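Chain naming here is simple, since letters A, B, ... match the order of the sequence lines and numbering starts at 1 in each. Everything numeric in this text was worked out from a predicted model, so none of it was measured.
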2 protein chains.
Amino acid sequence: MSTVKGIKQVPITIAERVFDSLCQAIVTGKIPAGSKISEPELAKYYEVSRASLRDAIGRLEACNLVIRRPNVGASVVSLSDEELLEIYTVREALEGMAARQAAEHMNEKELDELQSLLEMESQANSNDINSDFHYGIVIGCKNNRLKRLLCDDLYHLMRMYRYQLGRESGRTSSASKEHGLIMDALLDRDGEMAELLMRRHIRKSRKHIEMLLINKAS
Amino acid sequence: MSTVKGIKQVPITIAERVFDSLCQAIVTGKIPAGSKISEPELAKYYEVSRASLRDAIGRLEACNLVIRRPNVGASVVSLSDEELLEIYTVREALEGMAARQAAEHMNEKELDELQSLLEMESQANSNDINSDFHYGIVIGCKNNRLKRLLCDDLYHLMRMYRYQLGRESGRTSSASKEHGLIMDALLDRDGEMAELLMRRHIRKSRKHIEMLLINKAS
DNA sequence: ATTGAAAGTATTGTCGACAATATGTGTTGA
DNA sequence: TCAACACATATTGTCGACAATACTTTCAAT
């Protein structure tokens with residue numbers, strides 16, 4: 001993947017390859033949230049120099065998966081409940097706009113593909129975010145800056161916590177219905193409606209996660 | 001400054017110091033848009049090793065001021081007209097949400113300060129973005145993720161093109177009025193209205209820039 | 001004269017070593 | 001017993017050199 005323009009790229013340099021590996025390891029929790037990143041240890045593990053590893057860590061910081069403090073080192077990000085909810089608020093704003101622009105700019109073929117994606121979604125509960133409805137809308141918005149913000153800066157974090165929290169346990173049915181409504185708005189080329197529905201959809205997800213977190217606390 | 005959490009930080013490492021210098025040089029156009037970054041040349045100029053300089057370049061890439069291609073090197077970003085307008089669309093979404101949250105979360109003291117900022121704005125047309133109205137609202141939204149996206153990922157680019165285009169020649173009067181309306185909404189704690197007004201305000205700026213670009217083309 | 005290949009040059013990517021800073025441990029003093 | 005200082009250890013930051021890749025120039029062939 002290699003974090004450029006939100007479009008998966010084949011890693012060219014060693015640093016990019018290590019970045020991809022570390023990214024995967026962090027998202028899947030193999031390197032747990034909050035844990036410290038040891039440069040000598042990981043450099044030895046991946047059999048690369050510390051220079052390449054540090055480059056990779058810099059990229060991880062750029063996509064918000066680690067936090068680096070000067071002269072101290074990097075740690076895997078660990079979001080508090082509030083910080084997790086903050087991301088949903090940002091998503092509401094950005095994906096809402098993405099939906100609006102997608103309604104205006106997606107072509108027929110893309111709309112078709114998105115719809116068939118939606119139909120598959122109802123049965124196969126695929127965990128691959130690359131083939132999910134939200135991702136399809138982001139790609140369809142045709143605003144590269146928006147794409148990059150969502151895909152480069154939030155995408156990985158979202159994957160990480162989706163992994164950790166288990167993909168919003170038990171809201172699939174209502175979420176699917178909401179996706180259907182958004183799809184209709186896209187087909188109608190109704191940007192305003194698409195944005196409105198997308199925002200409401202993400203707000204509901206947020207509320208749902210909020211409940212999960214409250215229950216988890218007990 | 002040193003690009004962390006949108007809050008100016010004193011540079012600790014050499015890489016951070018060089019990043020700050022390069023950031024400034026790019027924003028002010030001292031290193032012109034589109035120009036190539038020569039690692040050996042700049043390393044010699046700043047009297048640092050290439051390792052530190054490369055670290056700095058990585059940070060520049062993270063805040064979207066340069067684009068790096070593997071085995072080729074980094075170039076200062078150069079936005080097309082469309083790409084510049086894309087940023088306004090993203091700002092509409094993000095700063096709209098920031099205004100909403102600011103209305104809900106800013107305390108009295110912050111509101112006071114913002115208002116006095118607004119009064120100063122009408123006379124002294126300060127070019128320091130750190131003391132500008134939009135920045136104040138972003139800081140006041142209390143959503144760190146939102147702050148970081150705006151301040152780390154878009155702030156520098158905005159400064160750069162504001163510098164280049166000369167701060168939206170001749171829209172200060174109407175823009176100031178719009179700021180006043182937003183301020184009123186904040187004082188009313190009316191988040192929905194604040195978001196609505198902020199979005200309209202940025203949309204108008206976008207239209208204004210669009211006109212400037214069309215005229216420039218002739 | 002233009003196109004293509006090949007050699008040469010310059011730049012980027014990677015490495016290992018050293019310096020600077022932070023962390024952990026042990027000792028001393030109150 | 002606890003606090004604070006000093007020392008020892010480990011990690012990060014920085015450096016210069018080498019390897020790999022890209023770019024430029026030269027030359028030859030059609």
Q: How about A/T89 and A/R206: do any of their side-chain heavy atoms sit closer than 4.5 Å?
A: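 A side-chain contact exists here, since the closest heavy-atom pair is under 4.5 Å.
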
Q: Of the options D/dT14, C/dC15, D/dG13, whose atoms approach the side-chain atoms of A/A51 most closely?
A: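 Comparing D/dT14, C/dC15, D/dG13 against the side chain of A/A51, the answer is C/dC15.
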
Q: Does C/dC15 have OP1 or OP2 sitting under 4.0 Å from an N or O in the side chain of A/S49?
A: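 Yes.
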
Q: Which residue lies toward the 5' end of DNA chain C, A/P70 or A/D55, if each is placed at its nearest nucleotide?
A: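 Between the two, 5'-proximity favours A/D55.
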
Q: For A/T13, does its backbone N or O pair with a side-chain atom of A/E16 as donor and acceptor, under 3.5 Å?
A: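 Yes.
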
Q: Between B/R68 (CZ) and D/dT21 (C1'), how many Å, whole number?
A: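 Rounding to the nearest Å, CZ of B/R68 and C1' of D/dT21 are 15 Å apart.
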
Q: Show, in sequence, the C-alpha distance, side-chain angles and deciding distance for A/I137 and A/I182, and conclude whether the side-chain contact (heavy atoms from CB on, under 4.5 Å) test is met.
A: CA-CA 10 Å; A/I137 288 181; A/I182 295 168; 3.9 Å; yes

Q: Check whether any side-chain N or O of B/K36 sits under 4.0 Å from OP1 or OP2 of C/dT12, and answer yes or no.
A: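 It does, given that an N or O in the side chain of B/K36 lies less than 4.0 Å from OP1 or OP2 of C/dT12.
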
Q: Could you tell me how far apart B/I37 (CD1) and C/dG13 (P) are, to the nearest whole angstrom?
A: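 Atom-to-atom, B/I37 to C/dG13, this comes out as 13 Å.
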
Q: Output the rounded distance in Å from CD (A/E39) to P (C/dC15).
A: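 Taking CD of A/E39 and P of C/dC15, I get 14 Å after rounding.
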
Q: Quickly work out the B/K44 NZ to D/dG16 P distance and round it to whole Å.
A: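 From B/K44 NZ to D/dG16 P: 13 Å.
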
Q: With respect to the side chain of A/T13, which nucleotide from C/dT11, C/dA22, C/dG13 is positioned closest?
A: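 Closest nucleotide among those given: C/dG13.
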
Q: Counting side-chain heavy atoms from C-beta on, which of D/dT21, D/dC15, D/dG13 comes nearest to B/V48?
A: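 The nucleotide sitting nearest to the side chain is D/dC15.
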
Q: Could you walk me through whether A/E39 and A/R54 pass the side-chain contact (heavy atoms from CB on, under 4.5 Å) test, one step at a time?
A: CA-CA 7 Å; A/E39 292 181 9; A/R54 280 172 64 80; 3.0 Å; yes

Q: Side-chain N or O of B/S52 versus OP1/OP2 of D/dG13: is the shortest distance under 4.0 Å?
A: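 It does not, given that no N or O in the side chain of B/S52 lies less than 4.0 Å from OP1 or OP2 of D/dG13.
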
Q: C/dT21 C1' sits how many Å from B/E16 CD, rounded?
A: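 The distance from CD of B/E16 to C1' of C/dT21 comes to 14 Å, rounded to the nearest Å.
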
Q: To the nearest Å, give me how far apart CD1 (B/I57) and P (C/dT12) are.
A: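 Distance, rounded to whole Å: 7 Å.
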
Q: Nearest-nucleotide wise, let me know which of A/R69 and B/G73 is further upstream toward the 5' end of DNA chain C.
A: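 Whichever sits nearer the 5' end wins; that is B/G73.
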
Q: Give the ring-plane orientation class for A/Y155 versus A/Y135, where under 30° counts as parallel, over 60° as perpendicular and anything between as tilted.
A: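 If you compare the ring of A/Y155 with that of A/Y135, the planes turn out tilted.
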
Q: Using whole Å, report how far CZ of B/R54 lies from P of D/dG13.
A: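 In whole Å, D/dG13 P and B/R54 CZ are 16 Å from each other.
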
Q: Round to a whole Å and report the spacing from CG of A/N71 to P of C/dA22.
A: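 Spelled out: CG on A/N71 to P on C/dA22 is 5 Å.
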
Q: Side chain of B/A15, heavy atoms from C-beta onward: which of D/dT14, D/dC23, D/dT21 has the nearest atom to it?
A: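 Looking only at side-chain atoms, B/A15 lies closest to D/dT14.
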
